Amino acid sequence: MEQRKPLFIANWKMNKLSKEVVAFVPIFYEAIQSVSQKCEIVLAPVAVYLSKLIEATRSTSIQVAAQNCGGAKSGAFTGEISPVMLKELGVNWVILGHSERRHVFKEDEALVSARLKAAIEEGLLPVFCVGEKLEERKSGQTFAVIERQLKGLKELSENHLKALTIAYEPVWAIGTGENATSAQAQEVHAFIRQWLSKNISSPFANGTRILYGGSVKADNSSQLMAMEDVDGLLVGGASLDPLSFGEIVKKGLNS
Ligand code: PGA
């Protein structure tokens, strides 16, 4: 099996002012110094502080992600930020299809797919989020929902898809304090990998990282990372504090 380097992403959502963004870096980097070669780390601030964070992380191995991007290079799309602009700033990663984008801001499959295609075409590394709502899980539709959300990937070439990371984030686990158990996460991650193998290719499925997100904390990161198909973590609330996120990374790697 191809090596999948552990990947930890902090999704700060609409939090942290510029001073806090900058202050986070040295404290966090010192905390993870001993393990920084064993994994990849990506921080996702709000768009207006991307430049600040790029500057603050310049002499570190920490990478930077946008929390969304537009689905075209330029044009009449008020409020959107194009992937070309992100690349120009020096941003390499972008989170797409996050549950809050899908459910609070009503981004549908077609819109998320357009964003994904545009991001990949500009050379960004997308973290494509999927996940079911509580009622969907309760009514046994988890796999059907995930399958529907993954379907758009079939329209992209395997060469384009090389840039992709997938994040499984059950909607009921995001910001609720109730994480999926490691067994629940593993079950869906294995399903996603099988789907990738069947619909894209087996080497692609084996080489693609699948992250878990949803109420990840320092006391569950090791159990989640111990699962065969969990290759990293996408962390919201518990990534806001540099020492807490540092613990998540270190405990996750010790598994
Ligand atoms: P949470 O958020 O860790 O606060 O549950 C995860 C996410 O939304 O990416």
Side-chain angles (χ1 to χ4, degrees), residues 6-16 20-21 24 28 32 39-47 49-50 53 62-69 91 93-107 112 115-116 119 124-134 136-137 142 145-146 149-150 164-182 184-186 188-189 192 209-225 227 230-252:
L7 170 61
F8 298 91
I9 304 183
N11 174 13
W12 289 341
K13 310 191 181 187
M14 199 173 72
N15 293 295
K16 288 195 187 294
E20 298 163 305
V21 167
F24 182 96
F28 172 69
I32 53 119
C39 61
E40 279 190 274
I41 296 195
V42 179
L43 306 178
V46 289
Y49 301 136
L50 283 165
L53 188 61
I62 298 170
Q63 303 173 72
V64 175
Q67 296 175 11
N68 204 357
C69 76
V91 175
W93 292 81
V94 62
I95 299 171
L96 289 172
H98 186 275
S99 142
E100 284 141 25
R101 298 306 321 173
R102 290 180 190 269
H103 303 300
V104 182
F105 297 100
K106 310 294 176 210
E107 291 188 8
V112 176
R115 294 187 187 294
L116 180 65
L124 286 168
L125 301 170
V127 180
F128 181 69
C129 304
V130 297
E132 81 288 1
K133 295 193 220 167
L134 186 59
E136 292 165 338
R137 172 162 282 264
T142 300
V145 170
I146 304 289
Q149 293 170 335
L150 291 173
L164 192 74
T165 295
I166 293 178
Y168 169 55
E169 296 207 303
V171 180
W172 48 272
I174 297 177
T176 59
E178 191 196 340
N179 60 288
T181 63
S182 38
Q184 284 172 324
Q186 171 57 27
V188 178
H189 283 227
I192 294 172
R209 288 181 289 196
I210 307 175
L211 316 182
Y212 168 79
S215 295
V216 172
K217 305 177 243 4
D219 63 9
N220 59 25
S221 72
S222 145
Q223 282 164 299
L224 287 160
M225 285 295 288
M227 296 293 107
V230 176
D231 308 311
L233 301 168
L234 176 51
V235 189
S239 74
L240 290 170
D241 177 77
L243 296 178
S244 150
F245 189 47
E247 279 302 291
I248 290 172
V249 170
K250 282 187 282 186
K251 292 199 166 140

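Not measured: the values here are computed from a predicted model. Indexing begins at 1, ligand by ligand and atom by atom, following the structure's order. Values below: every heavy atom of this structure, side chains too, minus hydrogens, waters and symmetry copies.
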Quick note on ligand 1: atoms under 4.0 Å from a heavy atom of Ser215 include exactly 1 (P), 3 (O), 5 (O)
Per-atom contacts of ligand 1 with Gly175, taking only distances under 4.0 Å to non-hydrogen atoms: 1 (P), 4 (O), 5 (O)
Is a salt bridge present between Glu132 and Arg137, judged by a nitrogen-to-oxygen distance below 4.0 Å? yes
Check whether NZ of the Lys or CZ of the Arg Arg115 lies under 6.0 Å from the centre of the six-membered ring of Phe105 and within 45 degrees of that ring's axis. no
Contacting atoms of ligand 1, where contact means under 4.0 angstrom from a heavy atom of Leu234: 9 (O)
Please report the C-alpha distance between Trp93 and Gln63 in whole Å, then the side-chain angles of each, then the deciding distance to 0.1 Å, and finally whether the side chain to side chain donor-acceptor pair (under 3.5 Å) criterion is met. CA-CA 8 Å; Trp93 292 81; Gln63 303 173 72; 2.9 Å; yes
What do we get for Ser99 next to ligand 1 when only non-hydrogen atoms under 4.0 Å count, side chain, backbone, both or neither? neither
Ligand-side contact atoms (ligand 1) for residue partner Ala173, heavy atom cut-off under 4.0 Å: 5 (O)
Could you list the atoms of ligand 1 found under 4.0 angstrom from a heavy atom of His98? 7 (C), 8 (O), 9 (O)
Has Lys217 got any heavy atom lying under 4.0 angstrom from an atom of ligand 1? no
Which pair of heavy atoms, one from Val91 and one from Leu124, lies closest together, and at what distance? O-CD2, 3.3 Å
Minimum-distance protein heavy atom relative to atom 2 (O) of ligand 1: Lys13 NZ, 3.3 Å
Does a salt bridge link Glu247 with Lys217, judged by any charged N lying under 4.0 Å from a carboxylate O? no
Gly214 heavy atoms within 4.0 Å reach ligand 1 at atoms 5 (O)
Show your working on side-chain contact (heavy atoms from CB on, under 4.5 Å) between Ile192 and Ile166 and close with a plain yes or no. CA-CA 9 Å; Ile192 294 172; Ile166 293 178; 4.0 Å; yes
If the contact criterion is a heavy-atom separation under 4.0 Å, does Ala167 count as touching ligand 1? no
Is the Phe245 ring parallel, tilted or perpendicular to the Phe28 ring (thresholds 30°, 60°)? parallel
Mode of Asn11 contact toward ligand 1 - side chain, backbone, both, neither (heavy atoms, under 4.0 Å): side chain
Ring-plane angle category for His189 and Tyr212, please: parallel below 30°, perpendicular beyond 60°, tilted otherwise. tilted
Please report which non-hydrogen protein atom sits nearest to atom 4 (O) of ligand 1, along with the residue it belongs to and the distance in Å to one decimal place. Gly237 N, 2.8 Å
Could you find the nearest protein heavy atom to atom 3 (O) of ligand 1 and give me its residue, atom name and distance? Gly236 N, 2.8 Å
When you measure from the side chain of Asn220 to the backbone N and O of Ser215, does any donor-acceptor pair fall under 3.5 Å? yes
Please list the nearest protein heavy atom to atom 9 (O) of ligand 1 with its residue and the distance rounded to 0.1 Å. Glu169 OE2, 2.7 Å
